[in-house]
Amino acid sequence: MLDTTRSCLWLWLLVLGLLLFTTNGAYVPITYAQSAVAKGAVCLDGSPPAYHWDKGYGTGINSWLIQLEGGGWCNNVSSCLVRKNTHLGSSKRMVKQIPFSGILNNKRIFNPDFYNWNRIKVRYCDGSSFTGDVAAVNPVTNLHFRGASVWLAVMEDLLSKGMRNAENAILSGCSAGGLASILHCDSFRALLPMGTKVKCISDAGYFINTRDVSGGHYIQTFFDQLVATHGSAKNLLPSCTSRMKPGLCFFPQYIAQQIRTPLFIINAAYDSWQIRNILAPGIADPHGHWESCKLDIKNCLPSQIKVMQDFRLQFLVALLRLGKSASRGMFIDSCFAHCQTEMQELWFMQDSPLLNKTKIGKAVGDWFYDKKPFQKIDCAYPCNPTCHNRVYDDPHAPHS
């Protein structure tokens, strides 16, 4: 009986391992944009920018999907110094290869519309959603705030490697990368030939300007400091910065309506990062009343759910600033989640989250190819039984 049990366990582990391997797709090696260094386009520590490129083939050989990595931001010298010694501030600290899954998967069954495109994951090492622009380098800290230059240098590198012949192109990203895909959407389109079909996707990048649970403006202050530290103002939309202070122009709600390129917003109305870091950041909850709730939405008290329902309404109001446009897509589910395009189980699997009986991968594919528009907003929590609500192990886990 014991041997039979062990055999069954080993078989189960083998199947699980094979499933993980097949759904993740291929491991893709890193490419360093060495030529960018001479242009001053470098990570926080002065190392070269980097990306991972899985080349397209067949019908996708002239189609390009750029996925900008997420990873929060640093808003002052102290936090940037800490970041400088991690993979989010130095390409020297990055792993040499990463698995491509979800929207980057190379298997048709898991990514039916983009599996054979040129799929690129641009690594994030500047801490400003690719907007920083400070020429001087402090000799004491050796910090380089060059996010905008990194963005342009990587795009130029890819253009020289075939992207200038693109017939189809998508700029996408998750979290801080999802914000960057909004900020750089129109400039991405401008880099490509006139006849190229270009669209942008923002996954969990629609950060909203709202008060935290203490009544303070934590995220607004954070973005003000970020923009000042990185010298980002000159790389934000002039139509916004001419009307309001630059830090506000880091919030999609004040700029998204001015984006002319077709844009698809994928976001949980109860975005777990925003709940944890905008609505109830540690500084606004000194006694830790929200700690258990932030770990697992099932732990939330009725009073906390009420606050989160109010947050959802504020999110939807901010989202409606996008205005009405047939070219825009929207998949706003009622899950406690963050970043849903890169995780295979959320993007396109048998039990992936559904909205209007449609998976995220299907909604995005139909929208890109103009098969069917998709602009859906879910009902309020806990109405969607298909949600994969995120559960955190560590209440003090770093920003995702």
With a 4.5 Å cut-off on side-chain heavy-atom distances among I, L, V, M, F, W and Y, is there a chain of contacts connecting Y124 to Y206? yes

Would you say M244 ends up clustered with I219 if hydrophobic residues are merged whenever their side chains have heavy atoms under 4.5 Å apart, either directly or through other cluster members? yes

To the nearest 0.5 Å, tell me how far R83 CZ sits from N75 CG. 10.5 Å

So I30 and V95, do their side chains get closer than 4.5 Å, heavy atoms only? no

Tell me if a side-chain donor or acceptor on D212 pairs with a main-chain N or O of A284 at a distance below 3.5 Å. no

With the side chain counted from C-beta on, respond yes when T31 and K161 share a heavy-atom pair under 4.5 Å apart, and no when they do not. yes

Measure up the Y254 and F251 rings against each other and bin them: parallel (under 30°), tilted (30 to 60°), perpendicular (over 60°). perpendicular

Just by distance, with hydrogens left out, do S325 and S327 show a side-chain donor and acceptor under 3.5 Å apart? yes

Verify the distance criterion only: is there a donor paired with an acceptor across the side chains of Q309 and Y270 at less than 3.5 Å? yes

Transitively linked via ILVMFWY side-chain contacts under 4.5 Å: L104 with F368? yes

Atom CE in M155, atom CG in L171: separation rounded to 0.5 Å? 7.0 Å

Do we see a donor-acceptor contact under 3.5 Å between the side chains of N76 and S79? yes

Quick one, Y51 with L158, criterion side-chain contact (heavy atoms from CB on, under 4.5 Å). Give me CA distance, side-chain angles, the key distance, then yes/no. CA-CA 10 Å; Y51 59 87; L158 293 172; 3.7 Å; yes

Parallel, tilted or perpendicular, as decided by the 30° and 60° cut-offs, for the rings of W117 and F114: perpendicular

Quick one: do L159 and L192 satisfy side-chain contact (heavy atoms from CB on, under 4.5 Å)? Show the steps, please. CA-CA 8 Å; L159 286 166; L192 296 163; 4.0 Å; yes

Nearest heavy-atom pair of G173 and Q67: which atoms, and what distance? N-OE1, 3.6 Å

If I compare all heavy atoms of E342 with all of C174, which pair ends up nearest, and what's the gap? OE2-CB, 3.8 Å

Show the nearest heavy-atom pair for residues S128 and G147, with the distance to one decimal. OG-CA, 4.1 Å

With distance as the sole criterion, is a donor-acceptor pair present between the side chains of S175 and H338 under 3.5 Å? yes

Return yes if some donor-acceptor pair links the side-chain N/O of R390 with the main-chain N/O of A337 below 3.5 Å, else return no. no

May I ask you to decide if F110's main-chain N or O and N105's side chain share a donor-acceptor pair within less than 3.5 Å? no

Before we go on, tell me: are the rings of W367 and F331 under 6.0 Å apart, centre to centre? no

Could you pull out the closest heavy-atom pair between F207 and A204, with the gap in Å? CZ-O, 3.4 Å

Do N116 and T59 have side-chain atoms, one donor and one acceptor, less than 3.5 Å apart? yes

So that I can tick it off, tell me whether K199 and D370 are bridged by a salt bridge, with the cut-off set at under 4.0 angstrom between side-chain N and carboxylate O. yes

Apply side-chain hydrogen bond (donor to acceptor under 3.5 Å, both in side chains) to K372 and list each qualifying residue two or more places apart in sequence or on a separate chain. none

Salt bridge or not between D45 and K84? Use side-chain N to carboxylate O under 4.0 Å. no

What heavy-atom pair brings C43 and S90 nearest, and what distance separates the two atoms? CB-CA, 4.2 Å

With W73 as partner, the option from F130, F145, F223 fulfilling ring pair (Phe, Tyr, Trp, His ring centres under 6.0 Å) is F223

One should read off an interatomic distance between K359 NZ and L346 CG, to the nearest 0.5 angstrom, of 12.0 Å

Determine whether a donor-acceptor pair (N or O, by modelled atom type, separation under 3.5 Å) exists between the side chain of T131 and the backbone of A148. no

Return the CG to CG distance between L355 and D378, rounded to the nearest 0.5 Å. 5.0 Å

Single-linkage hydrophobic cluster Y392~I305, side-chain heavy atoms < 4.5 angstrom: yes

Interatomic distance, CD1@I266 vs OG@S202, rounded to 0.5 Å, equals 8.0 Å

Among L183, L68, V122, which residue satisfies the side chain to side chain contact (heavy atoms under 4.5 Å, CB included) criterion with W151? L68

Is there a continuous path of hydrophobic side-chain contacts, each under 4.5 Å between heavy atoms, that joins W347 to I98? yes

Would a distance-only check, ignoring hydrogens and angles, find a side-chain to backbone donor-acceptor pair under 3.5 Å from H388 to Q340? no

Between the side chain of R146 and the main-chain N/O of A135, is any donor-acceptor distance below 3.5 Å? yes

Any Y381 side-chain heavy atom under 4.5 Å of N389 side chain: yes

Can you give me the closest heavy-atom contact between P246 and V227, atom names plus distance? CB-CG1, 3.7 Å

Atom CG of D224 and atom CZ of F222: how far apart are they, to the nearest 0.5 Å? 11.0 Å

